[in-house]
**Q** 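Below you will find the structure I want to go over with you.
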Amino acid sequence: MNTNSTASWIHRAPPFFLLSLWIFMLAGQPAAEPAPRVEWTTQTGARVYSSPVVAELAETPGLEILLTSSDDRSVSCFSASQKVLWTYDDFTLRLSSTPTVADLDKDGKLEILITTRQEGVTCLNADGSLRWKVPVKSDIAWGSAAVADVDNDGTLEICWAALSGLVECHAPDGSKKWDFTMPSSGSYAAPAVGDVNADGFAEVITCDSSAVFCLDYKGQEQWRFQGMATFNAGPVIAHIRDDTPYDILALSSDGVLWCLDSKTGNALWNHRTFRIRTDTTIAVADIDGDNRNEIFYGDGLGNLYCIAGGGRERWSFQAMDWIESAPAIGDVDGDDQMEVLLCSADGNLYCLSAKGETEWTFSTGKRIGASPTLCDYDLDNKTEILFPSHNGLLYCLTFDAEWNPKKMPWPFRRYDFQHTAFVPTR
């Protein structure tokens, strides 16, 4: 039967038969997953690479949202009602880093750290006024500052790594405590900070163009892992093996994910894909409830990989373009199942199930270079999904599902708003 005769036959069929045929065809199709509703959008400026940071910065209802705008060369603070409370724009070159927030001096008020291409590291007060600036040799274009009590003295320290290869640790007032020079040029990777060997002091895990380094709280090298390519993705400290508290995850630009022993730096296993640009940040979460963490990372071909703790690939998903940053992971729709949310340069936010199946897709029409942020910014006890697009908008999506931080194992680009990339064992 040719196409024309088929169309004619359907046209002549009785209405009740067509209805039955339509019901039969729908019965064979999988049920569509519900999509989130758009709670609001607001203008942010062009080409935003920054992931949204949510914190208590002003005496307004709800929490505030921080975002840097690349082309506008500014950082802005939005209220929960999307009002711009302040903007700081004393930057010479475009901004592509994500802000770090912490109460550096423990006075009950948060400070904001911005790493830049020319102004070094800028520290702002919660109201957007300048606190201090520290010049930095070379730039910190994509990496952010990490904040933790490195030496266990009750005071926070600020750590960063510049493209020059210089790693620095500073006090809350910006004064330098120590530095370390990596032998090769640096990378775009942000450091990870955490106590990886249970000695009571934090280690700083950082990368250069060919190696991963572990520095102690005094800035002394403990070990290094020599690779074959640049490590542009920020390393992560997480519980991967059953017989040890923590391991180090690092991703090199030749498409290799490395799992390293946190005490020795020895390679435990690796996962190799294509020799393609891989400078996204890594995410770690237990998505299937088996008390074992899975590892997630994307590449320049638009592939997102889910890797089991021994290095076995569990599944992969392919977007239509480059994945530039880490996914966010949590139960966003209240079904007691983990979802994996990733943004792509194809302009889409994808929501995947724990098995890597597409649940829904949200299109912005323009490139998305940031990680989504899972939060309750307005303190209404509902989960919100925040992410910016190169179309100049910040989006807020929601299912109106209950907010439960315990069901958000990786809610932000570098795990927490202090950018430690350190996932404590539960």
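The analysis underlying the following values was restricted to heavy atoms, covering all of them including side chains, and did not include hydrogens, waters or symmetry mates.
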**Q** Verify salt bridge (charged side-chain N to carboxylate O under 4.0 Å, His left out) between R367 and D346, making sure each step is shown before the conclusion.
**A** CA-CA 6 Å; R367 174 180 174 185; D346 63 19; over 6 Å; no
**Q** Just jot down the side-chain contact (heavy atoms from CB on, under 4.5 Å) partners of E313, sequence neighbours excluded, or say none.
**A** H271, Y305, I307, S316
**Q** Any donor-acceptor pair under 3.5 Å linking the side-chain atoms of Q337 with those of S353?
**A** no
**Q** Tell me whether the rings of W142 and Y49 are parallel (<30°), tilted (30 to 60°) or perpendicular (>60°).
**A** perpendicular
**Q** Do the side-chain N and O atoms of S164 and S138 include a donor-acceptor pair separated by under 3.5 angstrom?
**A** no
**Q** Distance only, no hydrogens: is a donor on one side chain within 3.5 Å (strictly under) of an acceptor on the other, for T122 and R131?
**A** no
**Q** Answer with yes or no whether the side chains of S74 and T87 bring together a donor and an acceptor at under 3.5 Å.
**A** no
**Q** Any salt bridge (charged side-chain N to carboxylate O under 4.0 Å, His left out) involving residues 87-100? Give me the pairs, sequence neighbours left out, ordered by first then second residue.
**A** D90-K133
**Q** Donor-acceptor check, side chain of S253 to backbone of T230, threshold 3.5 angstrom: yes or no?
**A** yes
**Q** Check each of V150, L104, V193 against E157 using the side chain to side chain contact (heavy atoms under 4.5 Å, CB included) test, and report the only one that passes.
**A** V150
**Q** Could I get the full list of ring pair (Phe, Tyr, Trp, His ring centres under 6.0 Å) partners for W40, not counting sequence neighbours?
**A** Y377
**Q** Salt-bridge test for K109 and D127: reply yes if a basic N is under 4.0 Å from a carboxylate O, no otherwise.
**A** no
**Q** Less than 3.5 Å apart, any donor N or O on the side chain of S129 or N125 sitting next to an acceptor on the other?
**A** yes
**Q** Mind checking whether Y415 and F422 have side chains closer than 4.5 Å, heavy atoms only?
**A** no
**Q** So, Y395 versus F362, ring centres under 6.0 angstrom or not?
**A** yes
**Q** Quick test of your reading of the model: are K382 and D376 salt-bridged, counting only N-O distances below 4.0 Å?
**A** no
